There are 2 protein chains.
Amino acid sequence: MTAPPRKRRKEARPSELLGAALALFVDKGFAATRLEDVASRAGVSKGTLYLYYANKAALFKAVVQEGIVPVIVENEAIAARHTGSSFTLLEMLLHNWWTKIGQTDYAGIPKLIVAEARNFPELAQFYYENVISRARALVGACLRRGMASGEFRQLDMETAIDVVIAPILMLLIWRYSFGCCQQGESDPERYLQIHTELLRQGLRQLENESQV
Amino acid sequence: MTAPPRKRRKEARPSELLGAALALFVDKGFAATRLEDVASRAGVSKGTLYLYYANKAALFKAVVQEGIVPVIVENEAIAARHTGSSFTLLEMLLHNWWTKIGQTDYAGIPKLIVAEARNFPELAQFYYENVISRARALVGACLRRGMASGEFRQLDMETAIDVVIAPILMLLIWRYSFGCCQQGESDPERYLQIHTELLRQGLRQLENESQV
DNA sequence: TAAGTTAATGACTTGTTGGTCATTAACTTA
DNA sequence: TAAGTTAATGACCAACAAGTCATTAACTTA
């Protein structure tokens, strides 16, 4: 038995470790993911992982920071430079989110964080500040814009944000919990299309409606 | 140091253990709940717990069996003897669910099961068969009844069931994850009222609508 | 009240995992 | 090629928790 050769690849380790961590976090959750498994999936030993990330929480934060926060930043840029219909902006934000998060392994993070928020308040806090609050602010700004221009009807802002976000969140949560056990695999694309269509109808300012 | 007196209370143990288990499961989740804590909260030692429940999974199943399944059974009875508007029936089912589950500690179980379904497929299976599938069948029967009588419009059944159930589920999931961290405590009663009102509008068969 | 039954205990075993660190070896440079 | 640097390793430690079982003591019955 001769030990396999060690390769020194300082540059490549972080992204390989983050990729392995994402896959396992999404599959098993935060608490149930073993760092030794993350390391071996990335082709290194456990000790090496600790060379790059101080502890499990730091590893998770790095996954979010590298994978999800950039999409928020992109969306903030899209919103900042957008001119035209507010509903179109909403569609663009949703589309970008779906492409970069919903169609990748990152789609499993929302369920993870909802599942473990209570047991790891530090991570919940981090995610809330860096993802949730910024996403809500983004949707809120879009809705406020549409309400100001008369494109959308006047609604309680927090409730309206919930109405926009909740179905998407629920879709991801379900997919990563009972999704596999359930036989009737509903098409997420179609679900989203229906959701968008409902929003188009529901948000629109009707001609005969009084402005509150 | 004299040991506290042992009391022999065979009859009272199960319900006390289930109460303690519910409180801790809802607070910490399934995996993170320690059986020693359940026992001590119920005022007994860990060994005693194992006298009444074979293992952690059996304890959880008993919590669901004793606390949630009876509400499903009640609702099945309500539906069976109901005459009159299908929407009223839907309201009655929702109201009973809210009173017996939503306003009690059992409200935390849906989040727990969604959070841990993948790591404990045996529990997920149990919950799916005994709660989810029966609840969906109940809502489905109610909707089918309303569609048959012309009270509700014709909708894809699985989607319609989702539309009815998802917002309630989301409300409970959020309350038991980020609920505490979030400042703006939205009133769940008002949320449910809005939900019900949306359903009343959304499900209604309009006069000029074509029957598919 | 003595013997029998069984509810209750808690120390113990077993297995797991986050995190550490002394050692090794790949690579660099003089 | 010899000495120095540092990426990488994996044995190890400490903490924790599920589940077991020999022992204890509360209660019952003859």
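A, B, ... follow the sequence lines: proteins, then strands. Residue 1 opens every chain. From a predicted model like this one, the values you see are computed outputs, not experimental measurements.
- Rounded to an integer number of Å, the gap from Leu59(A) CG to dG19(C) P is 10 Å.
- Lys28(B) NZ: 12 or fewer foreign heavy atoms inside a 6.0 Å radius.
- With respect to Glu74(B), the salt bridge (charged side-chain N to carboxylate O under 4.0 Å, His left out) criterion is satisfied by exactly one of Arg134(B), Lys100(B), Arg81(B): Lys100(B).
- When atom types are taken as modelled, the side chain of Glu151(A) and the backbone of Phe87(A) share a donor-acceptor pair closer than 3.5 angstrom.
- The CG-C1' distance, from Leu51(A) to dC21(C), rounds to 12 Å in whole Å.
- Proximity of a side-chain donor or acceptor of Asp27(A) to a complementary backbone N or O of Ala23(A) within less than 3.5 Å is not detected.
- For Arg8(B), counting side-chain heavy atoms from C-beta on, the closest listed nucleotide (dA7(D), dT20(C), dT6(C)) is dT6(C).
- Evaluation of atom-type donor-acceptor distances gives no pair under 3.5 Å for the side chain of Lys56(A) against the base of dG19(C).
- Rounded to an integer number of Å, the gap from CD of Glu11(B) to P of dC27(D) is 14 Å.
- Atom P of nucleotide dC12(C) and atom NZ of Lys46(B) are separated by 13 Å, given to the nearest angstrom.
- A sub-4.0 Å separation between OP1 or OP2 of dT9(D) and a side-chain N or O of Ser45(A) is present.
- Contacts of Tyr53(B) with the nucleic acid, taken as non-hydrogen atoms under 4.0 Å apart, are absent.
- Within the 3.5 Å criterion, the main-chain N or O of Ala117(A) finds no donor-acceptor partner in the side chain of Ser177(B).
- Under a 3.5 Å cut-off, the side chain of Glu76(B) and the backbone N or O of Leu138(B) do not form any donor-acceptor pair.
- For the pair Tyr52(B) OH and dA7(C) P, the interatomic distance rounds to 6 Å; values are reported in whole Å.
- Using the six-membered ring where Trp is involved, Phe30(B) and Phe120(B) have ring planes that are perpendicular, over 60° apart on the 30 and 60° scheme.
- Across all strands shown, dT29(C) pairs with dA2(D); the Watson-Crick or G-U wobble distances both stay below 3.5 Å.
- Per the geometry, OH belonging to Tyr50(A) stands 6 Å off P belonging to dG18(C), to the nearest Å.
- Near DNA chain C, defined here as any heavy-atom distance below 4.0 Å, there are no residues from residues 15-43 of chain B.
- Of the candidate nucleotides dT24(C), dA11(C), dT9(C), dT9(C) has the atom nearest to the side chain of Arg6(B).
- Between the P atom of dA7(D) and the NZ atom of Lys7(A) lies a distance of 17 Å, rounded to the nearest Å.
- Across the protein-nucleic acid pair, Lys10(A) atom NZ and dT9(D) atom P stand 15 Å apart, rounded to whole Å.
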